[in-house]
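So that the names make sense, note that chain A is the first sequence line, chain B the second, and so on, each numbered from 1. Computation of the quantities below employed the complete heavy-atom set of this structure, encompassing side-chain atoms and omitting hydrogens, waters and symmetry-equivalent molecules.
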Protein chains: 2
Amino acid sequence: MATRGDKRTRLVKAADKLVQRQGYHATSLADIAAAAGVPLGNVYYYFRSKEALGDALIGQRGEHYRARRATWDREPDPKTRLRAFVEMTVENSTLLARSGCPIGSLCQELHKQGGPLAEAASGMFAEFLDWLEMQFRALGKGAESRELAVHVMSALQGATLLTHSFRSPRYIESEARRLKAWIEAL
Amino acid sequence: MATRGDKRTRLVKAADKLVQRQGYHATSLADIAAAAGVPLGNVYYYFRSKEALGDALIGQRGEHYRARRATWDREPDPKTRLRAFVEMTVENSTLLARSGCPIGSLCQELHKQGGPLAEAASGMFAEFLDWLEMQFRALGKGAESRELAVHVMSALQGATLLTHSFRSPRYIESEARRLKAWIEAL
DNA sequence: GTCTATAGGCAGATAGAC
DNA sequence: GTCTATCTGCCTATAGAC
């Protein structure tokens with residue numbers, strides 16, 4: 001049901017889903033309000049502007065990924081944690097083929113104009129890069145760790161963009177196979 | 001001067017520049033007309049719709065990249081041709097940091113909604129992938145060539161997205177170094 | 001071929017009754 | 001806290017004079 005939970009939560013959830021599918025600019029507050037079962041005018045009781053709702057959306061998305069990484073951190077082996085990250089992308093490949101990466105596509109769109117919302121979106125990237133770097137440090141890679149983190153993130157983001165552009169999971173699958181072999185050989 | 005050349009050409013050039021900087025949806029026909037020094041109403045004498053102008057823009061961008069690849073094809077060594085491709089990204093890294101990849105960012109945006117314009121945009125990706133595959137075949141990589149082509153494209157697209165998201169050439173430089181060493185070792 | 005004026009629609013945001 | 005009605009502005013696209 002679109003009408004479960006309090007209205008603020010429903011608005012953020014609806015915004016999250018619609019922005020992922022349609023993009024930030026292409027999603028109107030009327031779309032979001034309708035999907036959340038909230039009258040348009042009432043949106044402004046909870047959020048002073050579309051940007052404020054966007055910020056809440058990014059906050060929730062960031063929290064989602066933090067929780068995800070926390071479950072991976074329970075694994076004792078850093079290589080297992082890295083594999084889990086790659087595997088997440090493979091598992092989501094159907095969704096990624098339809099709408100692209102929730103982080104990457106939002107950054108791409110928002111950074112064309114810049115502003116605080118764009119910075120908030122790249123924050124999600126920064127957190128993932130920091131987490132990846134930590135895994136490589138745990139593997140004893142030292143100063144090289146940041147570069148290795150950038151490599152993993154780049155390969156997956158690029159493959160996700162191709163998967164989105166051709167609407168086929170093939171590209172993610174191909175790069176994931178390669179990355180998993182590369183992790184094994186580290 | 002914004003007013004050189006015939007009006008149709010000026011409109012496509014202005015559209016190309018503004019769409020690269022601001023994105024397709026965020027760029028209005030009024031923006032484009034003003035930048036080209038053409039009255040808004042006159043745009044519709046040359047293009048029946050914004051989509052038609054977008055299509056011409058993509059056609060021109062595609063032609064630009066075909067010409068680029070043609071110059072690389074004059075190199076006898078396939079590895080040199082691959083290096084030239086990677087090097088193009090490094091040379092453009094300042095522009096890519098500000099606005100993202102002209103192909104990747106357009107695909108990301110247009111494929112959220114789908115339609116013929118989105119397909120035209122992915123066509124530019126497809127042509128680059130075919131070209132890359134040819135280089136690996138020339139290096140005797142056989143059936144594996146497509147996968148290698150996808151790897152190069154993914155790594156560069158992902159690194160470009162990070163460079164755009166953090167407004168720093170660092171990510172492209174890091175991945176380019178890695179890719180060039182990888183090409184050398186093929 | 002060129003340009004002005006404007007239609008028609010939808011966006012974000014607000015006023016104010018309840 | 002909630003909701004309807006509406007303001008204002010920008011967008012694509014068109015009408016029609018020149």
Side-chain angles (χ1 to χ4, degrees), chain A residues 1-58 106 109-110 112-118 120-121, chain B residues 1-58 106 109-110 112-118 120-121:
Chain A
M1 282 286 271
T3 46
R4 287 281 166 86
D6 63 75
K7 294 190 177 178
R8 204 194 129 93
T9 305
R10 265 153 48 203
L11 284 167
V12 176
K13 275 191 182 167
D16 188 55
K17 183 177 164 185
L18 288 173
V19 167
Q20 151 92 22
R21 286 209 184 188
Q22 307 177 337
Y24 178 78
H25 291 300
T27 302
S28 70
L29 288 173
D31 288 342
I32 295 166
V38 172
L40 176 57
N42 204 352
V43 171
Y44 288 90
Y45 177 75
Y46 297 98
F47 302 97
R48 75 173 73 148
S49 66
K50 185 182 181 182
E51 193 178 20
L53 176 49
D55 198 61
L57 177 178
I58 291 171
L106 194 62
E109 183 179 3
L110 295 179
K112 290 252 174 183
Q113 338 279 337
L117 218 53
Chain B
M1 281 286 271
T3 46
R4 288 281 166 85
D6 64 75
K7 292 190 179 176
R8 204 194 127 94
T9 306
R10 265 152 49 202
L11 283 167
V12 176
K13 274 192 183 166
D16 188 55
K17 182 176 164 184
L18 288 172
V19 168
Q20 152 92 20
R21 285 208 185 187
Q22 307 176 338
Y24 178 79
H25 290 300
T27 302
S28 70
L29 288 173
D31 289 341
I32 295 167
V38 172
L40 175 58
N42 204 352
V43 171
Y44 287 89
Y45 177 75
Y46 297 98
F47 302 97
R48 76 175 72 153
S49 66
K50 184 181 183 183
E51 193 178 21
L53 177 49
D55 199 60
L57 176 177
I58 291 170
L106 194 62
E109 181 179 4
L110 295 180
K112 290 251 174 184
Q113 335 281 336
L117 219 53

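- Within residues 41-51 of chain B, the residues that have a heavy atom under 4.0 Å from DNA chain C are, in order of number, Gly41(B), Asn42(B), Tyr45(B), Tyr46(B).
- In this structure, Arg21(B) and Lys17(B) have side chains that are in contact, with non-hydrogen atoms separated by less than 4.5 Å.
- Each of Leu29(B) and Leu40(A) was assigned the nucleotide of DNA chain D with the nearest heavy atom; the assignment lying further toward the 5' end belongs to Leu40(A).
- Between Leu29(B) and Tyr44(B) the shortest side-chain heavy-atom distance falls below 4.5 Å.
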Working note: Asp6(B) + Leu11(B), criterion side-chain contact (heavy atoms from CB on, under 4.5 Å); need CA distance, chi angles, decisive distance, verdict. CA-CA 9 Å; Asp6(B) 64 75; Leu11(B) 283 167; over 6 Å; no
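- Atom CD1 in Ile32(B) sits roughly 11 Å away from atom P in dA13(D) (whole-Å rounding).
- Of all nucleotides in DNA chain C having an atom under 4.0 Å from a heavy atom of chain A, the first and last in 5' to 3' order are dA11(C) to dT14(C).
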Test Gln113(B) against His25(B) for side-chain contact (heavy atoms from CB on, under 4.5 Å), laying out the working first. CA-CA 11 Å; Gln113(B) 335 281 336; His25(B) 290 300; 4.0 Å; yes
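- Test Leu57(B), Ile58(B), Leu106(B) against Leu117(B) for side-chain contact (heavy atoms from CB on, under 4.5 Å) and you get one pass: Ile58(B).
- Cation-pi geometry between Lys50(A) and Tyr24(A) is satisfied (NZ or CZ under 6.0 Å from the ring centre, within 45° of the ring normal).
- Residues Val43(B) and Ala33(B) come closest through the heavy atom pair CG2-CB, 3.8 Å.
- The phosphate of dC11(D) has OP1 or OP2 within less than 4.0 Å of a side-chain N or O from Ser28(B).
- Looking at Phe47(B) and Asp55(B), their side chains never come closer than 4.5 Å, going by heavy atoms from C-beta outward.
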